[in-house]
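Worksheet for the structure shown next.
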Amino acid sequence: MKNSGFDRIKAEQKPKKLLALVVNWLQAIFDLIWRWLSNLARPIGLLGPAGIWLLLLMVLPMLLITELSLVPGLKPGQPIAGYGLLNYLRILEPTYLQVLQRSATFATGTTLLCLLLGFPVAYWLALMAPKRWRNLLLVLFILPLWTSSLLRTYAWITLLRSSGVINLVLGALGLPTQSLMNTPWAVYIGMTYSFLPYMVLILYASLERLDLKLLEAAADLGANPQIAFWRVTVPQTLPGIAAGCLLVFVTSLGDFVVPTLLGGPSSMTISRLIYNQFLGVARNWGFGSALSMVLILMVSLAIALLLKYGDRNPEIYS
Amino acid sequence: MPRRLSRSSLLSRTSRRHFLQGSAATMAVMGLSNCRRTIGETEPEPADSSTASAEASGALHIYTWADYTDDELAAQFTEATGIDVKIDVYDSNETMLAKMQAGGGANYSLIYPSDYMVTEMIGLDMLAKLDKSRLIGLDKIREKWKSPVYDPENSHSIPYSWGTTGLLYNSEILTTPPTDWNYLWDNSDVLSRKMTLLDDVRETMGAVLSSLGYSYNATDPTELEEAYQKLLDLKPNLASFKSFGWQDELLSGDLLLSMVYSVEGIPVSLENPTFKYVIPESGSSVWTDTMVIPTSAPNVDAAYEWINFNLQPKVSQETVERLFFATPNGEAMTMLSQELLDNKNLFPPEDLLAKCEGIAPVGEANALYDEYWTKVTSA
């Protein structure tokens with residue numbers, strides 16, 4: 001009986017030990033998963049909402065456009081008959097290449113004009129303007145963005161037309177009047193005006209962080225202000241310049257309002273062409289999607305180029 | 001004032017709201033191609049549930065242009081029939097079609113498509129055949145609209161309103177007034193860079209075709225090529241192609257002549273006698289907007305009630321005097337004020353009207369029109 005009692009205890013202990021072991025194991029695994037999850041919880045919590053947003057409103061539509069762009073001559077409501085690259089080949093026709101080229105030219109010109117006009121303004125705001133006025137001046141500069149761009153473009157008609165405000169002033173000063181309305185120049189003026197605030201804001205943010213000690217060091221080492229500007233200030237603000245140019249280029253590439261309202265009879269741009277393919281007479285959604293893909297590609301290319309060169313240069317100089 | 005900013009035709013519409021949508025063209029493209037499916041998923045299909053709910057509430061859902069129905073009209077209808085009216089508006093036929101095709105319009109019992117869109121929707125089997133025995137007052141419709149090309153015998157649609165496309169010009173400077181399209185080519189020295197045509201491929205190409213003696217709806221490739229060449233000849237003298245935004249320049253005298261839709265041109269000519277609207281002699285386009293019942297419509301009875309209500313001459317007359325568009329209702333016309341009736345622009349004489357064509361679907365030629373248009377506007 002002694003034995004049996006001992007045995008009984010032993011027998012009871014064995015499974016208990018095993019159970020404890022299993023429980024321990026489970027706990028460890030659970031712990032691991034829990035820790036893993038809680039480590040992930042924060043990124044998921046932080047990225048999730050935007051991720052779902054992007055997935056639903058960016059990635060899925062993009063995939064849809066990609067699919068539609070591969071259907072030649074797709075009309076809305078029609079079943080998808082077959083896939084092919086015809087839509088993309090059609091873009092290579094001279095007529096459409098001309099449209100792409102015009103859009104790229106408008107966007108590049110606008111970007112350069114914004115940079116030329118915006119840099120001095122941002123420089124003055126960030127480095128020279130009285131400190132207590134700075135915020136007010138910045139607000140004033142972005143104030144126009146609070147009204148509709150359509151309204152502001154209509155205002156430019158009043159300014160640019162032959163008997164408009166600009167020509168009135170020119171005439172009063174005894175200068176020759178210009179016929180700017182309905183020309184590519186009007187498009188450049190309108191787009192530069194529209195996107196200048198973006199450029200100034202980004203350049204301002206970049207110039208505000210400028211390390212002034214480096215400028216002093218440059219002066220100590222004998223650089224005159226001009227050399228210091230080109231070799232210290234500009235390289236330090238290159239990322240800002242790149243970001244500003246990128247934003248202006250991308251937005252002006254897709255601009256619809258300004259070329260439509262201010263441009264002349266030859267102002268077909270890619271965004272107008274895409275619009276025509278979707279809601280115009282052709283209603284060729286396949287071709288429209290292919291054009292959209294090309295637009296996305298052009299924008300991505302610009303981003304890739306500027307990310308590459310916008311990032312590298314400061315390292316070389318610093 | 002008729003501020004129906006957007007009209008029946010095909011390309012860039014005049015509505016500013018629509019235009020804003022277009023301003024985000026790249027995003028819109030994504031949105032549009034997307035809605036083909038996603039709206040279909042999120043909105044109820046024309047299934048029993050939505051039908052039941054719409055019928056249970058008894059409300060009549062109408063999908064229409066911005067200025068065809070006002071609160072007063074809806075209130076009068078509710079008073080007369082006891083049916084509540086809910087109105088949604090669209091700004092282009094294509095927007096409406098896209099929404100209906102995506103299944104997002106399952107609640108609508110009545111829509112107002114334009115002529116060519118009626119034909120297209122009949123082809124897509126989207127419109128219910130009308131039961132004429134349930135309609136009262138069809139005999140009052142003017143002869144020209146009794147059996148229109150876009151919908152013979154009005155079997156699927158009831159004409160509601162109409163208008164034209166023409167030239168709005170500064171009569172102080174253009175002392176010999178334009179009478180026909182060829183005026184633009186003959187006087188290109190005076191008009192050089194002081195005239196605009198519509199940013200609307202079918203209207204502008206149609207006008208050039210008409211000036212050549214061809215149909216507004218030509219589909220023959222050689223005729224289209226000829227029109228394209230003639231338009232290219234004029235292009236150096238054009239200020240721009242504009243469906244909207246010409247007003248400021250025209251009123252200030254910087255433009256002398258603009259091709260416009262009657263709904264936009266006539267109000268300007270009424271406000272300021274310097275500016276005159278003219279329908280070119282060789283004919284322009286006459287457009288008609290209609291009332292139709294989609295096949296997916298719930299509450300069909302209420303839709304018939306609405307059509308019958310609007311067919312009443314008295315209602316039609318009052319709507320025209322309030323909202324200011326031309327009506328195809330012959331009896332309503334006899335009740336209009338003499339001043340409105342005498343407006344030859346609003347109600348052009350029969351012989352001129354006979355020369356005007358409605359924009360009709362051109363089928364495969366659509367692609368050709370679009371190609372020539374891209375060429376003209378990008379060269």
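As the structure is a prediction and not an experimental result, all values here were calculated from the model. Every chain is numbered from 1, with letters handed out A, B, ... down the list of sequences.
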Query raised in the report: Can the positive tip of A/Arg283 be found less than 6.0 Å from the middle of the six-membered ring of A/Phe278, inside 45° of the ring normal?
Result: no
Requested in this report: Would you kindly check if the NZ (Lys) or CZ (Arg) of B/Lys99 is within the cone defined by 45 degrees around the ring axis of B/Tyr90 and under 6.0 Å from the six-membered ring centre?
Outcome: no
What part of [X] gets closer than 4.5 Å to chain A, counting heavy atoms only: side chain, backbone, both or neither?
| X | answer |
| --- | --- |
| B/Glu364 | neither |
| B/Lys242 | side chain |
| B/Leu124 | neither |

Query raised in the report: So what's closer than 4.5 Å to chain B heavy atoms on A/Phe287: side chain, backbone, both or neither?
Result: neither
Report task. Would you mind checking which part of A/Ile157 comes under 4.5 Å of any heavy atom in chain B, side chain (CB onward), backbone (N, CA, C, O), both or neither? Result -> both
Pair [X], [Y]: side-chain N/O donor-acceptor within cut-off below 3.5 Å:
| X | Y | value |
| --- | --- | --- |
| B/Asp200 | B/Ser243 | no |
| A/Arg272 | A/Ser267 | yes |
| B/Ser285 | B/Glu203 | yes |

Report summary line: Looking only at A/Arg102, A/Arg161, A/Met181, A/Met268, most heavy-atom pairs under 4.5 Å shared with chain B are made by A/Arg161
Query raised in the report: Heavy-atom distance under 4.5 Å between the side chains of B/Tyr116 and B/Val362, does that happen here?
Result: no
Query raised in the report: For chain A, which of B/Leu368, B/Thr196, B/Val376, B/Thr374 has the most heavy-atom pairs under 4.5 Å?
Result: B/Thr374
